[in-house]
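These notes are about the structure you will find just below.
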Amino acid sequence: MTAITSLPRLVTVFGGSGFVGRHVVRALARRGYRVRVACRRPDLAGHLQPLGNVGQIQPVQANLRYRWSLDRAVEGADHVVNLVGILHESGRQTFHNVQEFGARAVAEAARAQGAGLTHVSAIGADAASGAFYGRTKARGEQAVAEVVPSAVILRPSIIFGPEDGFFNRFADMARFSPFLPLIGGGTTRFQPVYVGDVAEAVARSVDGTVAAGRIYELGGPEILTFRECLEEMLKVVDRRRVLVPVPWWAARIQGAVLGMMPRPLLTTDQVTMLETDNVVSAQAEADGRTLQGLGIAPQTLAAILPTYLWRYRLAGQFTRDRAA
Ligand SMILES: NC(=O)c1ccc[n+]([C@@H]2O[C@H](COP(=O)([O-])OP(=O)(O)OC[C@H]3O[C@@H](n4cnc5c(N)ncnc54)[C@H](OP(=O)(O)O)[C@@H]3O)[C@@H](O)[C@H]2O)c1
C-alpha cells in the first residue's frame with residue numbers, strides 16, 4: 001500500500017477562486033489535500049469553503065505582480081498550481097505583468113520552497129503569435145520551464161462548464177438579441193474541453209502521476225467551428241437566432257471600440273487570437289500529450305451543456321420538458 005505521507009499534503013493554488021480554480025480546488029479537496037487558495041481578493045473566495053471539510057481550504061492574499069506575496073503564499077507547500085491568466089488588460093494588470101513576469105515569479109517562489117509546479121497556459125501560446133495574450137502565455141511557459149524544468153504545463157483549448165465565459169455569454173446574449181455575431185465568419189475551429197476534465201488533469205499532476213517537464217494540450221472529443229459552437233448552444237437553449245458573419249476588419253473595429261470599456265466583451269487582441277484555430281496539435285496527439293494520454297476520457301458538449309444552460313431556455317420550456 002502506498003504511504004499517504006508520500007503525497008504532497010499542502011497545495012497552493014494561485015487563481016483558485018476563478019472559473020477553473022473552483023473545480024481544481026474541489027478535485028484536490030476530494031483527494032484529501034489541504035488547499036491554500038491564493039488570489040488578490042480572498043474575501044471574495046468564500047464560495048470555495050463548502051468544497052472541502054472545515055479548515056481544508058484556506059484563502060490567502062497574493063498578487064502575481066508582487067513577488068514577496070508569492071513567497072508567503074507558497075510557504076510550507078508541497079506543490080504549487082498556477083491558474084492565473086487574463087483575457088484583457090486593465091491598469092497594471094497587463095499581459096506582461098500577469099502571464100510572463102507573474103508566471104516566472106510563481107515558478108521562482110515554487111523553486112525556493114522546493115515544491116512541485118503545475119502551470120496552466122493555453123493552446124495558442126506561441127512566441128510568434130500576433131496577439132499579446134498568445135505571446136505572453138508562450139513567454140510565461142518558457143520562464144516556467146527554465147526555472148522549474150520538472151514543471152507540468154497544461155494548455156487547454158476553450159473551456160466549458162457551469163461558470164464559463166463563452167457559452168454562458170452567448171446564451172445570455174441570445175435572450176435579448178435576435179442576432180449573434182460570427183467573428184471572422186465563424187470558421188475558427190475550437191476543441192472545447194470540460195472544466196472538470198481540466199481539473200482532473202491538474203489533480204493528477206499534483207498527485208505526481210503525470211510525466212514531469214512536459215507540455216500537455218487539453219481538448220475535448222469534438223472539434224467544432226465557432227458557428228457550430230453557437231448552433232450547439234442554441235439547440236440546448238431552444239432558441240432560433242440569426243448568425244451574422246462579421247468580417248475580420250469589422251471585428252477589429254468592434255474590438256477597438258469595445259476594448260475601451262472596463263470589462264470589454266471583445267478586444268482587438270481577442271480578435272487576433274480568433275484568427276488561429278484553437279485545437280490540439282498533431283504532435284501532441286502523436287506523443288500522447290493529451291487528456292486521453294493522461295487516461296482521462298473527455299466529456300462531450302452534448303452531455304454537459306444542458307446541465308447548466310437550461311436556465312437560458314425560454315420561460316416555460318423547462319417545466320414543459322419536465323412534465324413531458
Ligand atoms: N477559461 C478558458 O476558456 C481558458 C481557456 C484556456 C486557458 N485558460 C487558462 O486557464 C487559467 C484559468 O482561467 P479561468 O478561466 O479560471 O480564469 P478566471 O476565472 O478569470 O480566474 C482568474 C483567477 O486569477 C486570479 N488573479 C487574477 N489576477 C491575479 C493577480 N495579479 N494575482 C493573483 N491572482 C490573480 C483571480 O482572482 P482575483 O481577481 O481575486 O485575483 C482568479 O482567481 C488561466 O491561466 C487561463 O489563461 C482558460
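Linking Ile, Leu, Val, Met, Phe, Trp and Tyr whenever their side-chain heavy atoms come within less than 4.5 Å puts V35 and V195 in one cluster. V202 and I215 are members of different hydrophobic clusters when ILVMFWY side chains are connected at heavy-atom separations under 4.5 Å. Hydrophobic clustering (side-chain heavy atoms under 4.5 Å, transitive across Ile, Leu, Val, Met, Phe, Trp, Tyr) groups L291 together with L154. Following chains of ILVMFWY side-chain contacts shorter than 4.5 Å, one can reach L87 starting from F14, so the two form part of one hydrophobic cluster. Cluster annotation: M173 and V246 are assigned to distinct hydrophobic clusters (Ile/Leu/Val/Met/Phe/Trp/Tyr, side-chain heavy-atom contacts under 4.5 Å, transitive).
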Worksheet item: Could you go step by step and tell me if T188 and I183 meet the side chain to side chain contact (heavy atoms under 4.5 Å, CB included) rule?
Response: CA-CA 9 Å; T188 309; I183 311 287; over 6 Å; no
Worksheet item: What do the steps show when you test I153 against V144 for side chain to side chain contact (heavy atoms under 4.5 Å, CB included), and what is the final call?
Response: CA-CA 8 Å; I153 297 176; V144 165; 4.2 Å; yes
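Note on ring orientation: taking the six-membered ring where Trp is involved, the planes of F101 and H96 are tilted (angle from 30° to 60°). In this pair, F226 and F190 present their aromatic rings tilted. The plane angle is within the 30 to 60° band. Ring orientation note: the planes of F132 and F95 are close to parallel, at an angle under 30° on the 30°/60° scale.
Using a 4.5 Å cut-off between side-chain heavy atoms of Ile, Leu, Val, Met, Phe, Trp and Tyr, I223 falls into a hydrophobic cluster with V279. V280 belongs to a hydrophobic cluster whose other members, connected by ILVMFWY side-chain contacts under 4.5 Å either directly or through intermediates, are I123.
Classification of E200 and R204 as a salt-bridged pair holds, one side-chain N sitting under 4.0 Å from a carboxylate O. For the pair D172 and R169, the salt-bridge criterion is not met [side-chain N within less than 4.0 Å of a carboxylate O]. K235 has a carboxylate O that lies under 4.0 Å from a charged side-chain N of E232, or vice versa, which qualifies the two as a salt bridge. Remark: R36 does not engage E75 in a salt bridge, criterion side-chain N to carboxylate O under 4.0 Å.
Within a 6.0 Å radius of CZ in R30, other residues, nucleotides and ligands contribute 12 heavy atoms or fewer.
For the residue pair D207/Y33, the side-chain donor-acceptor check at 3.5 Å is satisfied. Looking at T136 and Q99, their side chains do bring a donor and an acceptor atom within 3.5 Å of each other. A donor-acceptor pair shorter than 3.5 Å cannot be found between the side chains of R155 and N278.
Side-chain contact between L117 and V106: present, with at least one pair of heavy atoms (C-beta onward) separated by less than 4.5 Å. Residues R72 and V60 are not in side-chain contact: their nearest non-hydrogen atoms beyond the backbone lie 4.5 Å or more apart. Residues T272 and Y133 have side chains not in contact (no heavy-atom distance under 4.5 Å, counting atoms from C-beta outward).
The one candidate from V37, V11, V81 that meets the side chain to side chain contact (heavy atoms under 4.5 Å, CB included) condition with V25 is V37.
Here the two rings, on F170 and Y312, have centers that are 6.0 Å apart or farther.
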